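This one's a predicted model, so the numbers in the text were calculated from it and none came from an experiment. One-based numbering, in listed order, for ligands and for the atoms of each.
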Amino acid sequence: ILDALEFADKTSDIQYNKNTVIHNPQIIRDVVKICGCRSKIVPRPDQEVEEEMNKDAVPAPPAPASALRPRPPVVCVMGHVDHGKTTLLDALRDTAVVETEFGGITQHIGAFQMKLPSGEAVTFLDTPGHAAFSAMRSRGALATDVVVLVVAADDGVMEQTKEAVRMAREADVPILVAVNKIDKPDVNIKRTLQELAQCGVVCEEMGGDVQAIPISALKKTNLDTLVEALTLQAQLMELKADPGGYVEGVVIEAQVDPRTGKQATVLVQRGTLRRGSVIVAGNGWAKVRVINSAEGVPLQEAPPSTPAAVLGWRELPSAGDQVLEVASEKRANEVMRWRANQKMKEKQAVDLEAIKVKESDHNTEYRARLDHKRSIGRMRLRPTGPRQKMIQHDTHPTLSVIVKGDVDGSVEAILDILETYDEHDRVRLDLVHFGVGQVTPSDLEVADAFNAVIYAFNVDCPPAVTVEAKKSNIAIKHHNIIYKLIDDIKDEISLKIPKKQ
Ligand code: GDP
């Protein structure tokens with residue numbers, strides 16, 4: 001067949017091997033012709049073929065330096081509970097809305113952008129707190145350039161302040177301190193800065209390089225200074241991105257909006273999102289129908305660092321999912337299929353692992369049971385000795401059985417059923433021996449000693465043993481269906497039930 005393929009596919013220089021998948025129906029037809037009807041062409045399962053044709057969407061390689069343009073910083077607000085994170089975000093958002101002169105209803109879309117009179121912009125993630133930060137980090141989608149650490153000057157450094165510092169440090173994100181609530185009487189800014197220095201955040205006033213801005217989020221004091229400090233920090237960091245090429249980004253929030261339907265906020269990190277772009281994210285994809293800002297203003301396009309509330313999702317993604325633009329809806333469908341397939345495979349692998357663990361637990365338990373039963377069996381057998389008839393002091397009718405099976409599993413299944421007969425009131429069922437493998441001469445000895453019937457499940461009996469059994473009048477019963485074997489035992493039991501007088 002490989003030769004026939006080389007022959008049929010003259011136009012290409014593919015090196016065919018047994019793993020090559022052939023999609024071209026003409027080549028397949030030619031090969032069938034060349035090989036004649038005797039050759040059977042077995043198509044590979046559709047799923048595998050599909051999988052080889054469709055690949056996942058992956059980010060593009062890093063853009064060349066010449067394509068990079070400055071972009072606004074993305075800021076995450078963190079700090080101890082009640083130190084004023086929400087108040088600060090609200091104050092900044094209000095300012096942002098006033099400055100854009102739309103003044104409409106601000107939607108909570110998980111992020112908003114603030115434009116400064118200078119033309120610069122700052123993007124704020126408006127879900128305060130550590131959970132959002134660690135969730136993004138754990139998904140490898142930490143879309144944060146700067147952490148604004150809010151510390152209330154009346155309270156100073158608290159437990160969650162330290163935690164935020166640790167998290168920002170671990171993620172290698174620079175910190176800018178907002179010393180909040182300076183409108184309150186008796187606040188001690190210096191003490192707060194000293195406490196911060198003690199946990200490694202040394203502000204400029206203390207001889208370090210961290211900017212600290214005293215603010216009042218409630219009174220909106222010094223907020224412009226804070227934002228200026230952020231833009232300065234951004235300049236120092238030389239934040240840049242390529243606004244061309246396919247869009248890359250991260251899902252900040254996803255929800256079903258009662259008015260607009262499926263909506264997800266995308267923070268663009270590379271490329272420029274436009275209406276009509278086709279994007280995939282996690283298990284969702286969209287042909288972008290509408291892009292809105294946090295103020296509900298429709299945007300023509302969303303360049304890097306712009307949060308955009310996107311409508312047009314066929315399936316909603318999840319927060320933290322990576323967003324990638326693809327060439328077409330067809331491609332998006334392929335990616336979705338590929339991902340669903342991968343997910344299914346992962347699930348199957350997990351199932352398989354769980355089954356393996358169960359099986360090994362089961363085996364351990366089963367072996368322990370077998371050992372236990374064997375030890376009981378040996379104890380019973382030892383006093384009698386081979387070939388010595390057991391003296392039946394007990395007048396209770398008893399059916400003694402020996403079970404031999406082909407594999408542990410079948411023996412176990414039979415024993416499980418027999419166990420339910422253990423307490424039979426009129427006839428006692430005595431399992432005197434069991435094991436895996438053929439019926440052996442030693443089985444005959446045990447059967448003889450206990451006057452037992454040998455049940456052989458799916459196992460042979462060497463001719464010599466059959467002859468010996470006949471001679472000694474030992475019954476060996478062969479079965480290959482468990483319920484028939486059990487029925488046979490039931491029949492034997494009923495034969496032993498004493499006849500009513
Ligand atoms: P979060 O838990 O960090 O989000 O803190 P909040 O923003 O909910 O603020 C907690 C409390 O502190 C609220 O009662 C706010 O009104 C108050 N607060 C926040 N910022 C200031 C401020 O600058 N000055 C004063 N006096 N109170 C503030």
Subset of ligand 1 atoms that lie under 4.0 Å from at least one heavy atom of His80: 3 (O)
Exceeds 12 heavy-atom contacts within 6.0 angstrom, atom NZ of Lys287: no
Any N/O pair Ala217/ligand 1 closer than 3.5 Å: yes
Qualifying residue for side chain to side chain contact (heavy atoms under 4.5 Å, CB included) with Val179, from Leu193, Asn222, Ile215: Leu193
Atom pair CD (Glu120) and CG (Leu230), whose distance is rounded to the nearest 0.5 Å: 11.0 Å
Lys219 near ligand 1 by a heavy-atom separation under 4.0 Å: no
Options Asp90, Asp154, Asp82, ranked by nearest heavy atom to atom 1 (P) of ligand 1, top entry: Asp82
Heavy-atom neighbours of Arg274 CZ exceed 12 at 6.0 Å: yes
Glu334/Arg331 salt bridge by N-O under 4.0 Å criterion: yes
Gly84 N/O under 3.5 Å from ligand 1 N/O: yes
Min N/O separation Lys85 to ligand 1 under 3.5 Å: yes
Element-labelled atoms of ligand 1 that are located less than 4.0 Å from some non-hydrogen atom of Asp183: 22 (C), 23 (O), 24 (N), 25 (C), 26 (N)
Ile215-ligand 1 polar pair, N/O distance under 3.5 Å: no
Ligand 1 contact on Asn180 by region, counting heavy-atom pairs under 4.0 Å: side chain
Residue portion contacting ligand 1 (non-hydrogen atoms closer than 4.0 Å) for His83: backbone
Ligand 1 versus Thr87: contacting region, heavy-atom distance under 4.0 Å: both
Test side chain to side chain contact (heavy atoms under 4.5 Å, CB included) applied to Arg71 and Asp242, Thr123, Asp145, the passing residue: Asp145
Gln269 side chain reached by Val250 side chain, heavy atoms, under 4.5 Å: yes
Atom pair CD/CG of Gln263 and Asp257 - distance to nearest 0.5 Å: 5.0 Å
